[in-house]
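Please read the structure below before turning to the comments.
Naming convention: chains lettered A, B, ... in sequence-line order (proteins, then strands); numbering from 1 in each chain.
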Amino acid sequence: MEKPSLPKGTRDFGPSQMLKRQYLLQTIRTIFTRYGFLPIETPAMENLNVLTGKYGDEGDQLIYKILNSGDFIKDINEEQLLEGSKKILPKISKKALRYDLTVPFARHVVMNRNEITFPFKRYQMQPVWRADRPQKGRYCEFMQCDADVVGTDSLLCEAEIVLMIHEAFAALGITDFIVKINNRKILTGIADAIGKVGCETDLCVAIDKLDKIGQDAVLAELRTKDFTELQLTTLLPIFNLKGTHTDIFPTLRTLLKDSSTGLKGIEELERVYELIEKSGLPNAFVETDLTLARGLSYYTGAIFEVKILNVQMGSVCGGGRYDNLTGVFGLPNVSGVGISFGIDRIYDVMNELNLFPSQDSNATKLLICAFDALTFEHALPLVTKLRAKGINTELYPEPLKIKKQLSYADDKKIPFALLIGEDEMKSNIYSLKNMITGEQFNVNLDDTIQKVLAHA
RNA sequence: GUAGAUGUAGCUCAGCCGGUUAGAGCAUCGGUUUGUGGUACCGAGGGUCGUGGGUUCGAGCCCCAUCAUUUACCCCA
């Protein structure tokens with residue numbers, strides 16, 4: 001006998017988990033809809049070349065590739081094998097599981113450009129797959145909830161993303177969170193300003209560790225990446241930029257005065273702050289974090305990440321603006337910006353903080369217990385009538401011992417049981433048992449309907 | 001890729017210095033109660049101690065290997 005098992009980083013969801021997940025998804029869906037986003041879905045798999053090259057080298061490594069059907073190795077000779085897996089990959093795999101929802105969305109936009117009215121706002125809630133090493137809050141299969149708008153440069157979209165995040169977390173009861181915001185143009189500007197054009201990634205990776213390993217260790221790491229002492233000295237003031245955006249931006253503007261890209265980034269961020277404030281959210285939980293870089297290589301403007309405070313968990317939301325994602329598929333000048341809620345992490349956090357409301361109201365309300373075959377038949381039309389009244393009703397599928405049937409009701413937390421024996425069948429007066437209080441009433445069908453509905 | 005931790009009943013875990021027949025709680029099933037659950041009491045089933053080798057008179061315990069799980073780093077939602 002083989003023992004069943006699950007691939008690592010994947011999970012089953014039982015009924016109680018699913019009810020909570022659906023609540024979470026529904027809450028976010030409602031808010032996306034309120035902001036004018038409409039749903040689409042795309043296939044679990046994409047052609048491999050659609051996905052590769054969009055996420056950076058690390059990202060490409062983590063894409064699950066699907067082997068070609070049939071004899072996938074038939075066109076490979078020994079010589080090619082020796083060239084290594086990277087070379088033969090395109091020969092043995094043409095498809096892959098999607099790594100995020102943004103790239104498939106860009107692909108969808110390009111393919112449907114003639115039907116789509118721009119700006120196009122869509123949301124998408126589907127699983128994605130990453131061949132990562134699982135650990136706390138990290139899974140190989142997880143659900144993302146994306147809202148993106150493409151076809152406009154307007155910074156209102158960035159501002160509305162921040163508003164949506166606030167509204168979503170408020171609806172979920174999460175109050176201690178912070179939206180970290182940055183702009184890739186500022187990062188480019190910083191690299192320009194110290195004369196390391198194009199090295200913003202190395203820079204960010206190092207700066208990001210400032211809190212963890214300290215300034216000296218960061219400088220040491222940068223030296224190994226060929227940063228000169230002069231460049232590091234120029235960089236130093238940037239390390240100390242702390243406080244609100246109004247504190248940071250004047251200094252930053254001076255530091256980046258020679259980089260037109262950097263200045264543009266500052267200007268954009270300032271406008272986003274202004275729009276958020278004018279939309280009526282003056283005390284937004286937003287913080288400019290110059291060390292925020294984000295690995296996905298397609299971002300070009302604003303970048304976001306949301307951290308929940310007081311909980312040990314990586315970021316639960318991420319997103320940003322991408323100017324050229326549709327461009328790589330042949331549709332230039334369509335800028336997009338979006339946000340992705342990582343609902344598996346949000347689920348874990350809400351569970352930890354006990355924020356899920358009871359989901360009992362979604363489950364069965366009434367269990368009908370028949371004592372024997374005859375009363376079982378009698379119960380059949382009753383079930384239909386009760387269901388027609390909108391009451392979630394079950395008839396225990398076999399007329400077993402009442403003990404057994406009530407145990408089932410208790411186990412499933414069904415609040416009412418309707419007992420039907422010979423006497424009840426003859427009189428049409430049934431015993432309705434309240435499973436919570438233990439009280440029992442003699443009722444007809446109408447009373448049953450009323451009592452059960454009243455309980456809800 | 002790097003480093004650590006852990007694998008004992010369906011689940012969570014005890015198991016002393018290496019010593020006789022490997023335990024508990026929960027869960028499951030049965031009974032006390034053949035028309036009444038959740039509480040209580042009684043009882044039952046359930047184990048190749050991850051796997052393979054080694055040391056030893058003797059291994060759940062020590063050593064080696066291997067597999068699996070998990071945590072942290074990197075990176076990410």
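Rounded to whole Å, the P atom of B:C11 lies 25 Å from the corresponding atom of B:G53. Straight-line distance between the P atoms of B:U33 and B:C13: roughly 39 Å, to the nearest whole Å. Comparing the same atom, P, in B:A59 and in B:C41 gives a spacing of 40 Å after rounding to whole Å. B:C29 and B:U66 are spaced 43 Å apart, taking the P atom of each and rounding to whole Å. For B:A22 and B:A65, the C1' atoms lie 26 Å apart once the distance is rounded to whole Å. Remark: the separation of the C1' atoms in B:G35 and B:C42 is 24 Å, to the nearest Å. With C1' as the reference atom, B:C57 and B:U20 are 14 Å apart, rounded to whole Å. Taking atom C1' in both B:U39 and B:U32, one finds a spacing of 14 Å when rounded to whole Å.
Here A:I346 lies out of heavy-atom contact (under 4.0 Å) with every strand. A:Y139 comes within 4.0 angstrom of a nucleotide base, judged by non-hydrogen atoms across all strands. Within the nucleic acid shown, A:G59 has no heavy atom closer than 4.0 Å to any nucleic acid atom. Nucleic acid contact class of A:D344 (heavy atoms, under 4.0 Å, all strands): none.
A:D57 has its CG atom 14 Å from the C1' atom of B:C74, to the nearest Å. Taking atom CE of residue A:M143 and atom C1' of nucleotide B:A77, one finds them 13 Å apart after rounding to whole Å. Atom P of nucleotide B:A77 and atom CZ of A:R98 are separated by 16 Å, given to the nearest angstrom. One atom, CG of A:L419, and another, P of B:G37, lie 11 Å apart when rounded to the nearest Å. When rounded to the nearest whole Å, the span between CG of A:D146 and P of B:A77 equals 10 Å. Taking atom CG of A:D411 as the reference point, atom P of B:U36 lies 19 Å away to the nearest angstrom. In this structure, A:K404 atom NZ and B:U36 atom C1' are separated by 15 Å, rounded to whole Å. Taking atom CG of A:L62 as the reference point, atom P of B:A77 lies 11 Å away to the nearest angstrom.
Between the side-chain ring of A:F142 and the base of B:A77, a stacking contact exists by the 5.5 Å and 30° definition.
Between A:F341 and A:F32, a ring centre-to-centre spacing shorter than 6.0 Å is recorded. Between A:Y347 and A:F356, the ring centre distance stays below 6.0 Å.
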**Report entry** Per-nucleotide pairing state of RNA chain B [Watson-Crick or G-U, under 3.5 Å; [ ] pseudoknot-crossing; | other strand]
**Finding:** (((((((..((((.....[...)))).(((((.......))))).....(((((..]....))))))))))))....

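The A:R130 side chain lies nearest to B:A77 when the options are B:A77, B:A72, B:G35. Each of B:A77, B:U69, B:G35 was ranked by its minimum atom distance to the side chain of A:K8; first place goes to B:U69. Side-chain proximity of A:K136 to the nucleotides B:A72, B:G37, B:G35 is greatest for B:A72. Closest to the A:D423 side chain, of the nucleotides B:A77, B:G35, B:A72, is B:G35.
Annotation: the span from A:L419 atom CG to A:L367 atom CG amounts to 9.0 Å, rounded to 0.5 Å. To the nearest 0.5 Å, atoms NZ (A:K180) and NZ (A:K307) are separated by 7.0 Å.
Ion pairing of A:D344 with A:R11 is present here, as a side-chain N (NZ or NE/NH1/NH2) and a carboxylate O approach within less than 4.0 Å. Taking 4.0 Å as the cut-off between side-chain N and carboxylate O, A:K412 and A:E394 count as a salt-bridged pair. A salt bridge links A:E167 with A:R34: the closest approach of a Lys/Arg side-chain nitrogen to an acidic carboxylate oxygen falls below 4.0 angstrom. Taking the charged nitrogens against the carboxylate oxygens, A:E160 and A:K121 do have a contact shorter than 4.0 Å, which makes a salt bridge.
With the nearest nucleotide of RNA chain B identified for both A:G9 and A:E424, A:E424 has the one nearer the 5' end.
A donor-acceptor contact under 3.5 Å is not formed by the side chain of A:Q440 with the base of B:G35.
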Please tabulate, for side-chain N and O atoms in residues 42-49 of chain A, each donor-acceptor pair with protein atoms closer than 3.5 Å (sequence neighbours left out).
from, atom 1, to, atom 2, distance (Å)
A:T42, OG1, A:Q124, NE2, 2.9
A:E46, OE1, A:R107, NE, 2.9
A:E46, OE2, A:R107, NH2, 2.8

Report task. Apply side-chain contact (heavy atoms from CB on, under 4.5 Å) to the pair A:K433 and A:F416, showing each step before the final yes or no. Result -> CA-CA 6 Å; A:K433 186 180 179 78; A:F416 289 100; over 6 Å; no

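A:F120 and A:H108 have parallel rings, their planes meeting at less than 30° on a 0 to 90° scale where 60° marks the start of perpendicular.
Residues A:Y139 and A:D348 have side chains in contact (heavy-atom distance under 4.5 Å, counting atoms from C-beta outward). A:L292 has its side chain out of reach of A:F304: every pair of non-hydrogen atoms, C-beta onward, lies at least 4.5 Å apart. Using a 4.5 Å heavy-atom cutoff, the side chains of A:S340 and A:D100 are not in contact.
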Set out, line by line, the N/O atom pairs under 3.5 Å between protein and nucleotides 38-42 of chain B.
from, atom 1, to, atom 2, distance (Å)
B:G38, O4', A:D410, OD2, 2.9
B:G38, N2, A:I436, O, 3.2

For nucleotides 7-12 of chain B, tabulate all protein N/O to nucleotide N/O atom pairs closer than 3.5 Å, reporting atom names and distance.
none

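For residues 316-324 of chain A, proximity to RNA chain B is found at A:V316, A:C317, A:G318, defined as any non-hydrogen atom under 4.0 angstrom from a strand atom.
Within the 4.0 Å cut-off from OP1 or OP2 of B:A72, at least one side-chain nitrogen or oxygen of A:Q135 is found. For the OP1/OP2 pair of B:G31 and a distance below 4.0 Å, the side-chain nitrogens and oxygens of A:K401 include at least one atom meeting the criterion.
Of the candidates A:N428, A:L386, A:L418, A:L445 forms a side chain to side chain contact (heavy atoms under 4.5 Å, CB included) with just one, namely A:L386. When A:Y55, A:F142, A:Y64, A:Y298 are each tested for a ring-ring contact (aromatic ring centres under 6.0 Å, His included) with A:Y99, only one passes: A:Y55.
With sequence neighbours excluded, no residue forms a side chain to side chain donor-acceptor pair (under 3.5 Å) with A:Q312.
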